[in-house]
Each structure stands twice: as C-alpha cells, then as structure tokens.
Amino acid sequence: MSRSTVIAPQQSSPVVRRHWMRGAVAGLLAAALVLGAGQLVSVFIDPASSPFFVLGATMVDHTPHTLKDAAIRRFGSNDKLALFISMSVVMAIGAALVGMLERRRPLGTPMLLLLGGVTALFALQRPTATVWFVLPTVAGIAAGIVALRLVVAGTPSLRTPESANMTRRRFLITAVSVGALAVGTVSAARWLGAHLRDVVADRARFLLPRPLRSALAVPPEAQPQIAGLTPFITPDDRFYRVDTALQLPALTSGDWRLRIHGMTDRTVELDFDGLRQRTAVERILTLTCVSNEVGGELAGTARWLGYPLADLLADAGVHPDADMLLSRSIDGFTVGTPLSAVLDGRDALLVIGMNGAPLPIAHGYPARLIVPGLYGYVSATKWVVDLEITRFDRASAYWTDRGWADHGPIKTASRIDVPAAFATVPAGAVTVAGVAWAQQRGIASIEVQVDDQPWQPATPAAEYSIDTWRQWTWQWMAEAGNHTLRVRATDRSGQLQSEQRTPPFPSGSTGWHSRMVTVR
Ligand SMILES: Nc1nc2c(c(=O)[nH]1)N[C@H]1C(S)=C(S)[C@@H](COP(=O)(O)O)O[C@H]1N2
Ligand SMILES: [Mo]
C-alpha cells in the first residue's frame, strides 16, 4: 500500500480543513504586507500613492453618477469610515481566497500580479500622480508575493508527508515573521509619515497675523440663550466636515504656494511671506453644504481670518472675458466659482484662520477659500494651491463633472432645533427655536405653524449680517396631544422659502422643516 493512500484525506477531514485555513492565513498576511510595504514606500513619494489609498480614492471618484443619494455622494467623515471598513472586508476575503488558491496550485501569484497591475494603473490616474506613483504598489506586490510563497511553503503539503509537528512549527515561524514584518512596515510608515511632513507641529507653530480690525462682536441680541438652540458661532469640533479626502493632505505652511494664472495679465505666485505683507481681515460667515437635507446639520458659522480674494486676483490682472475662478486643492479636488461672486464686493476670502486659530487641518490648513452665498462645492476649496482664471464654457470641476449644478447659490433654509425631534413637553408655554439662513440675501422673517393652524410670526434674533444665519424663537401655548411644528423663512428680497420638497441633487434641497412633538 502506498503512503498516499494512507494520507489521502476525505473531503472534510481536519487535515484538509487545516490546509485551507493555513492558505487563508497566508493570503491575509501577504495582503497585510502588500499594504504595509506599499504604505512605507509611499511615504517617500506622496501619501496619495499608497495602494490602499489609491483603491479607496478610485472608488470614491467613481461612485456611479446615477446615485442621487447625497449621503453616499458627499463622502463626509462617516462615509469614509464605512468605505474603509467595507474595503478592508472585501480585501480580506480576496486575500484569503488568493492564499487558498496558492496552496492548491500557484494561482495566487498571478492574481496578485493582476491586482497590482490594476492598482498601478489607478495610481497613475490620481490627480497629483507622477510615474513614481506606481512604485509603492510594485514594491508592495513584490513583498506580498515573496511572503505568500514563504508562508505557503511553510504549510504542510498533502503530498510530501512530514511529521505534523515539524510542518506546524515551520508554518507558525514563517507566519509570525511575515505578520511582524507587516506590522513593522505599517508602524514605520506612520512614524516616518508624521515626522517627514509634520503638519501638526507646523500648525502648532503657525502665528496667525492680526487683522486690521477684528470681526464685529456678536451682540447678545443675535444669540438667544436657549438650551438646545444651535450656538451662533459653531465650535470647531462641532463644525461639519465634508470632503473627498480619504487622507488629510499634509501641507505645511512652508511648503504652501498659491499660483494665480490663466486668463490674467501675469502669473502670480504667493507664499506665506508674501501673504504676511498684506492686510488680513476677519469676518463671521456661515458656510453651507449643498448636500444638506431639509432640517440637516451641514451648515456652520465661524470667524474666518483671511485676505480678500479680489485684491489677490487684481494683482494678476483678470481678463474681462473670464467668468470662472477654477481653484484646485493640493489633493487634486477642483471647484469652479463664478468670478462675479468673487469680484462683486462680498467677503470672498483666502482664509488662513478659523475662530481665532490657524485653520484646523480637516478644514483646510494652511489655506482655503470662503465665498459667502455659495454652497461649499462651488466656493470653499480647502488646502487650496492653485487659482486659475478661466471660463465656464472651457472648464468644469469635481462635482459639476458629476452632474451637480454649475452655479450653486445657497437656497433659503430654516430649521427647528428646539424642542428636539419626538420630544415630550409639558402643556403650557413652550419655547420653540431654531436657525434660518439665506446668505447674501439675508433673512427677513420666520413663521411657525402648528398642525394646520394659521402661520404665526416667530421672533427673529438680531441680524448679524446677511451672510450669517439668524436665530429665531417662538412662544407656543401648547395643548395636550401630538403636534407637528413647521417652519418657513422669507428672505430680504421678499421671496418665501420654497415649500416643494426636493433632494440635494443637483442644486440643493428645498422644503419646509417639520418636527413632531408630544405635549402632556
Ligand atoms: N479640497 C477640498 N475642498 C473642499 C471639498 C473637498 O472635497 N475637497 N469639499 C467642499 C464642500 S462640498 C464643502 S460643503 C466644504 C466643507 O467645508 P468644511 O469641511 O470645512 O465644513 O468644503 C469644500 N471644499
Ligand atoms: Mo458640500
């Protein structure tokens, strides 16, 4: 009787199962090393060239245009976490399969090569890519193939019988070594990444210039003190964040340059030394995202310190037939802003400070744009490094390429903050309060409706400016039962906020916010 008949296992024998398991472990470890080694090499090229980032960013950019769901399309912070988790799960499953196949027959290697080729192609498509962007993927895949072979060679074979103990030891040793190497490369990449471009330390050292005059103080009459009402100035940690960046750009103030070019008399290049020669201004402005749903939280007000954009553009000499300011972020994200909005005298700023401190990194450190009256996707470029003067019939930008409106003026909106949704309140006098905004036009009046009763005028808080939101309150003599509260605002042009419910895509949501409340 030959040995193989003794060993040849049945389909579901523990030996076979262990083989598959070990193949899967080999695949997972190899994948970890692909990502770790790729990450490490990317530190020396560009953080945006790491294979994991390349795959994630490619997915973000190619989310189908037909997906109208703003929550999926705007890639706020939660969406990013969801993306990372789903990507990791898909990769882990794929890696386990690759490892199992490699156990059987060396199919894992060609699969890794194929995957590497595709990732390298994606890397070259990144907006800031150079040919060097393929290097992290190539290095990662090479390390991964070696690791896969080593660990698989360390697993017991079905054909060459060895003592079970010996193969087990060999498998464990190679597996643990490759695992340690993967952890080591990731840690080294993180440490080097933080120390080579230490943007956190750079921001901590950054000295904010003093504005000629501080922003007008917010008078108490503009900010009623009511528990649960949105504060007039949004603290940084409560300020919404929306961007496509899977990895925050690490741009130090020393490396920052702003190029102003295109349909201009001359090209201007600015750095922080140049900026510091200029006079800074400070303004309180409300920023709003086009993805905000009726009653949503994607709006915030901050004290912004910066430089009037119109002055910067004047230095370059804007040609009269231009109508678009195409701004670009260090990560390749682009925004097209109507030049008229930048030049008509409103507070369109190149911003470097937020609420008395340098811009938080997530909000665009070291510099971003803010143009009141326009949604963020057509005005508020973070990590801005390039301003091109051009025309709407020649250029388009990140979100307009994906079907969103070319021009994004902010629509009048109002929101009930108090009482909270589905709150139960005692019958009698109840304070209802909220915010309303219509930047550049200003809020003239706010009305509240209970169920189907006539609309009642609410009391607007003092108006800080037409570019900031306006708080409002209303005293309700609440009677027991379930009630629906509704709010609507009228802007200073006399236009009543649209009642028609429309989704954020393609030019901002409309509709009256309502809230159900139980009175006891
Ligand atoms: N570089 C970059 N800038 C960007 C974006 C982005 O994705 N990348 N998103 C824009 C959008 S859609 C909005 S609403 C604002 C949000 O600014 P915030 O995150 O500081 O609130 O930033 C704008 N600037
Ligand atoms: Mo946005």
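One-based numbering, in listed order, for ligands and for the atoms of each. Remember, predicted model here, so these are calculated numbers, not experimental data.
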Near ligand 1 (heavy atom, under 4.0 angstrom), the protein residues are F239, Y240, R241, V242, D243, T244, L287, C289, S329, D331, F333, H363, R368, G376, Y377, A380, T381, K382, W383

Give me each pair satisfying side-chain hydrogen bond (donor to acceptor under 3.5 Å, both in side chains) with a member in residues 307-317, each pair once, sequence neighbours excluded. R278-D315

Ring centers of F84, F52 separated by less than 6.0 Å: yes

With sequence neighbours left out, write down each residue that passes salt bridge (charged side-chain N to carboxylate O under 4.0 Å, His left out) with D393, or none if nothing qualifies. R391

Pairs where residues 119-140 contributes a residue and the test salt bridge (Lys or Arg N to Asp or Glu O under 4.0 Å) is met, not counting sequence neighbours: D61-R126

Keeping R303 on the side-chain end and A215 on the backbone end, is there a donor-acceptor pair under 3.5 Å? no

Parallel, tilted or perpendicular: which one describes the rings of Y398 and F333, with boundaries at 30° and 60°? tilted

